[in-house]
Structure formats: structure tokens, C-alpha cells
Amino acid sequence: MKRIIVSCALACMAALALVSGAAQAARPKIGLSLPTQREERWVRDKQAMEAEAARLGLDLRVQVTDNDAARQVAQCENLIAQGIQVLILAPHDASSASVIVDMAARAGIRVISYDRLVMDSPREYYYISFDNVKVGELQGEFLVGRVKKGNIVVLAGSPTDNNAKLFREGAMKFIGPAVKKGDLKIVMDQFVKDWQPAEAQRIMEQALTANANHVDGVLAPNDGTAGGAIQALAAQHMAGRVTVTGQDAELSAAIRIVQGTQSMTVFKDTRALGRKAIEMALALAQGRPIATGGRTVNNNKHAIPSVLLTPRVVTRENLDAVLITSGYLRREQVYRPKP
Ligand code: BGC
């Protein structure tokens with residue numbers, strides 16, 4: 001009797017192992033390559049994708065490149081060797097990442113370019129992001145609306161990131177005509193290496209020195225660079241007296257907006273972006289089509305089918321409604337006593 005029970009139990013365990021093995025094998029394996037975790041927004045992207053992958057039962061394998069293009073290639077090679085079916089790739093260097101898309105395509109792996117577009121690749125892939133020209137338009141329109149006349153500093157993001165060009169292009173649609181009319185003068189115009197706040201601060205310090213502090217507005221492409229520029233302004237007791245744009249709705253930027261040293265940010269809901277990317281990855285893994293409504297973004301070689309979400313301006317007036325009520329930021333974190 002005892003022997004029968006034991007062998008029954010063994011048979012049950014073997015069956016269970018088989019079933020869970022099959023389930024494991026059926027779990028789509030997705031690779032995710034991110035540029036950094038040193039900026040709040042990319043931490044949120046990772047969290048959003050991990051949560052959605054867990055909800056859908058996907059095997060998500062994450063690599064972070066620390067803003068190193070060669071490292072990103074090596075890490076993606078490794079993900080490919082692990083047998084992923086889909087690669088979600090947020091490139092550090094838009095152009096050199098085309099090597100990664102090529103490697104993936106040769107291994108039969110589908111690629112989703114995440115937030116930043118991989119440039120110059122002749123291969124087929126998808127793109128999910130926000131409407132990045134629109135982000136720049138929102139920043140430029142805001143700046144021109146606030147600084148009617150005066151000197152402005154134009155900062156652009158990393159020259160290796162295609163988004164930096166798109167943000168600038170959008171902003172210039174508004175700044176360009178104001179400069180032509182003679183209302184605005186650009187006294188400094190520079191890309192910021194790797195989007196580094198310290199680099200933005202250094203450029204801003206130079207601009208202030210060269211213009212005897214006569215600066216009225218700063219086109220800062222994201223909250224990190226805005227923070228750097230504001231530090232330079234604060235050192236000259238000018239923080240809060242100069243219009244400064246931003247992007248990402250980072251907690252530190254929300255605090256600055258409430259305290260009056262940063263004028264706006266652009267909210268791109270990374271929860272929605274991450275969720276959508278994972279949904280797309282699952283569809284590709286299962287061989288289902290992705291609806292893009294005919295929307296594309298050009299990668300210098302050809303049109304890439306794209307899903308583009310809508311960005312939104314945040315100022316002190318609508319911050320509560322957009323960021324706090326939606327649960328993106330918590331009230332007690334944003335409203336803190338002035339130091
Ligand atoms: C993203 C921004 C981000 C920047 C720096 C851009 O590609 O779209 O949201 O602030 O990279 O990481």
C-alpha cells in the first residue's frame with residue numbers, strides 16, 4: 001500500500017514538473033536593453049515594464065548599459081544568445097544601435113525601438129514613443145509665450161539621441177520666428193553630452209558669464225538639464241527669475257515647479273509607454289500584428305511603423321490634476337517646506 005502511495009506521489013510530481021516545464025517553455029522570453037538607471041524616468045520605465053511583464057506571465061530579461069554604446073551591443077548579443085523572441089531596445093547611440101537590430105534580425109528576433117528611435121537601419125522593426133516633435137513644440141511655445149523679449153539659452157540633449165534632434169526641431173518652430181522678428185536672441189546654443197545635468201550647468205555658467213547674467217529664458221530639453229541650468233542660475237541668485245522648460249515630470253522637477261524655480265515640464269506617462277511596449281512585445285512573440293494606424297517615423301533609411309503617445313504640458317497650475325491625481329507623484333513628496 002505504502003509503495004503504491006509513494007509511486008503515485010512520484011508520478012504526480014513528475015506530471016507536475018512536466019506541466020510547469022511546458023509552461024516555462026511557453027512563456028515568451030523578452031529582452032529589454034535600457035540606456036541608464038541613473039535618471040528617474042528610466043527607473044520608472046523599467047518598473048512599468050517589469051510589472052506588466054509579470055502580469056502577462058512573460059519572462060523579461062533586463063540589461064542596463066550605463067550610457068555605453070559598445071556595452072549595449074555586447075549586452076544585446078548576450079540577450080540574443082539567451083533565446084529571446086523579442087528585443088525591446090532603448091538605444092544609447094541611435095546610429096550605432098543599428099548593429100544590434102541587424103544582429104537580432106539575423107537571429108530571427110523581432111525588435112521594438114523604445115522611446116528613442118534606432119537610426120540608419122535598413123531592417124524592419126517597430127517604434128514606440130511619444131510624439132517627440134510635439135514635446136519640443138510644447139517647450140518652445142511655452143518659452144516664447146513667457147519670454148516676450150530678451151536673451152535665451154538653447155540647450156539640446158545628447159547628440160547621439162535622435163529624440164534630442166526632434167525636441168529641438170519642435171521647439172525651433174516657435175523660437176525661430178521670434179528670433180527672426182528680433183524679439184529673442186539666442187546667446188548660447190549647445191548639445192549636452194549624455195544629457196548630463198553637470199554639463200548643462202557648466203554651459204549655463206558660461207552663458208551667464210559671457211552675457212553679464214542677461215539671460216531671460218532657457219530651453220532645457222529635460223528635467224535633468226533643467227536642474228543643472230537652475231543650479232547655475234541659483235549661484236547668481238537668479239533662480240525663479242528666469243523661465244526654464246523641462247520634460248519628464250521627475251519628482252525633483254515637480255518640487256522646483258511648486259517652489260517656482262522651474263517653469264514647466266512635459267509629462268510623458270512612462271506607465272502607459274512601458275505597458276504598451278510589453279503588449280507589443282507579446283503580440284510579436286505570438287506572431288500577431290500590431291496596429292499603428294499608418295503612423296511612421298523616418299530612420300534616415302526608411303519609414304518605421306510607430307505607436308506615438310501624447311505628451312502634456314505641466315505647470316504649477318495643473319500639476320496637481322495631471323501628476324498627483326493620476327497617482328504619478330505623491331502629494332507629500334512634491335509639497336515640501338522650502339529648505
Ligand atoms: C527621453 C527623455 C529623457 C532623455 C534623457 C530622451 O531620449 O525621451 O525623456 O529625459 O532621453 O534620458
Side-chain angles (χ1 to χ4, degrees), residues 32-49 64-69 72 88-97 112-119 127-139 155-171 190-201 203 218-230 244-254 256 262 264-274 276-277 297 299 304 306-314 323 328-329:
L32 168 63
S33 173
L34 291 171
T36 182
Q37 285 291 279
R38 289 203 205 117
E39 290 170 41
E40 190 179 305
R41 82 140 283 183
W42 293 107
V43 173
R44 284 176 170 273
D45 289 278
K46 179 168 172 278
Q47 283 169 350
M49 285 190 267
V64 180
T65 68
D66 285 322
N67 292 338
D68 180 334
Q72 190 159 36
I88 302 175
L89 170 61
H92 166 64
D93 184 314
S95 193
S96 67
I112 298 171
S113 191
Y114 182 83
D115 191 74
R116 303 172 171 176
L117 183 61
V118 173
M119 301 299 285
Y127 180 40
I128 171 141
S129 188
F130 284 80
D131 181 338
N132 293 312
V133 175
K134 181 77 191 166
V135 170
E137 287 172 6
L138 295 174
Q139 294 169 330
L155 300 177
S158 166
T160 65
D161 180 353
N162 184 56
N163 283 349
K165 289 166 201 147
L166 300 179
F167 300 146
R168 195 191 142 86
E169 178 192 322
Q190 277 195 32
F191 280 91
V192 177
K193 186 181 179 296
D194 289 350
W195 295 92
Q196 277 171 23
E199 183 67 5
Q201 180 176 350
I203 298 170
V218 183
L219 177 78
N222 74 345
D223 291 339
T225 50
I230 291 167
V244 182
T245 63
Q247 164 182 199
D248 288 336
E250 288 191 349
L251 173 61
S252 52
R256 288 193 296 265
Q262 185 171 327
M264 62 92 84
T265 186
V266 177
F267 178 43
K268 302 186 304 184
D269 196 336
T270 46
R271 296 169 302 189
L273 190 72
K276 185 76 197 162
V297 178
N299 79 346
I304 305 298
S306 303
V307 174
L308 301 179
L309 310 184
T310 307
R312 208 171 156 189
V313 168
V314 176
L323 298 183
Y328 201 71
L329 297 177

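Atoms within each ligand, like the ligands themselves, are counted from 1 in listed order. In this chain, residues are counted from 1 in sequence order.
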Just heavy atoms, cut-off under 4.0 Å: does Phe130 contact ligand 1 by side chain, backbone, both, or neither?
neither
Is Thr225 reaching over with its side chain to a backbone N or O of Pro197, donor-acceptor style, under 3.5 angstrom?
no
With rounding to the nearest 0.5 Å, note down the distance linking CG in Asp223 to CZ in Arg256.
6.0 Å
Do the side chain of Thr270 and the main chain of Asp45 share a donor and acceptor less than 3.5 angstrom apart?
no
May I ask you to identify the nearest protein heavy atom to atom 9 (O) of ligand 1, giving residue, atom name and distance to one decimal place in Å?
Asp248 OD1, 2.6 Å
Whether Tyr114 side chain and Pro91 backbone form a donor-acceptor pair below 3.5 Å
no
Which residue and non-hydrogen atom of the protein lie closest to atom 4 (C) of ligand 1, and at what distance in Å?
Trp195 CE2, 3.5 Å
In this structure, atom 11 (O) of ligand 1 is nearest to the protein heavy atom Arg116 NH2, 3.0 Å
As a test of understanding, state which of Val266, Leu308, Val297, Asn163 forms a side chain to side chain contact (heavy atoms under 4.5 Å, CB included) with Asn132.
Asn163
Ligand 1 versus Asn132: contacting region, heavy-atom distance under 4.0 Å
neither
Looking only at heavy atoms, what is the nearest atom pair of Ala90 and Gln72, with distance?
O-NE2, 3.0 Å
Need the ligand 1 atom indices (1-based, order shown) with element for anything under 4.0 Å from a heavy-atom of Trp42.
12 (O)
Tell me: protein heavy atom nearest atom 1 (C) of ligand 1, and distance?
Asp115 OD2, 3.2 Å
Side chain, backbone, both or neither: Phe167 near ligand 1, heavy atoms under 4.0 Å
side chain
Asp269: what forms a salt bridge (Lys or Arg N to Asp or Glu O under 4.0 Å) with it, not counting sequence neighbours?
Arg271
Ligand-residue contact atoms, ligand 1 with Lys268, heavy atoms, under 4.0 Å:
1 (C), 2 (C), 8 (O), 9 (O)
Tell me, which protein residue and heavy-atom name are nearest atom 6 (C) of ligand 1, and how many Å apart are they?
Asp161 OD2, 3.3 Å
Starting from atom 12 (O) of ligand 1, which protein heavy atom do you reach first, and at what distance in Å?
Glu39 OE1, 2.6 Å
Heavy-atom nearest pair, Gly157 first then Phe191, reads O-CD2, 3.0 Å
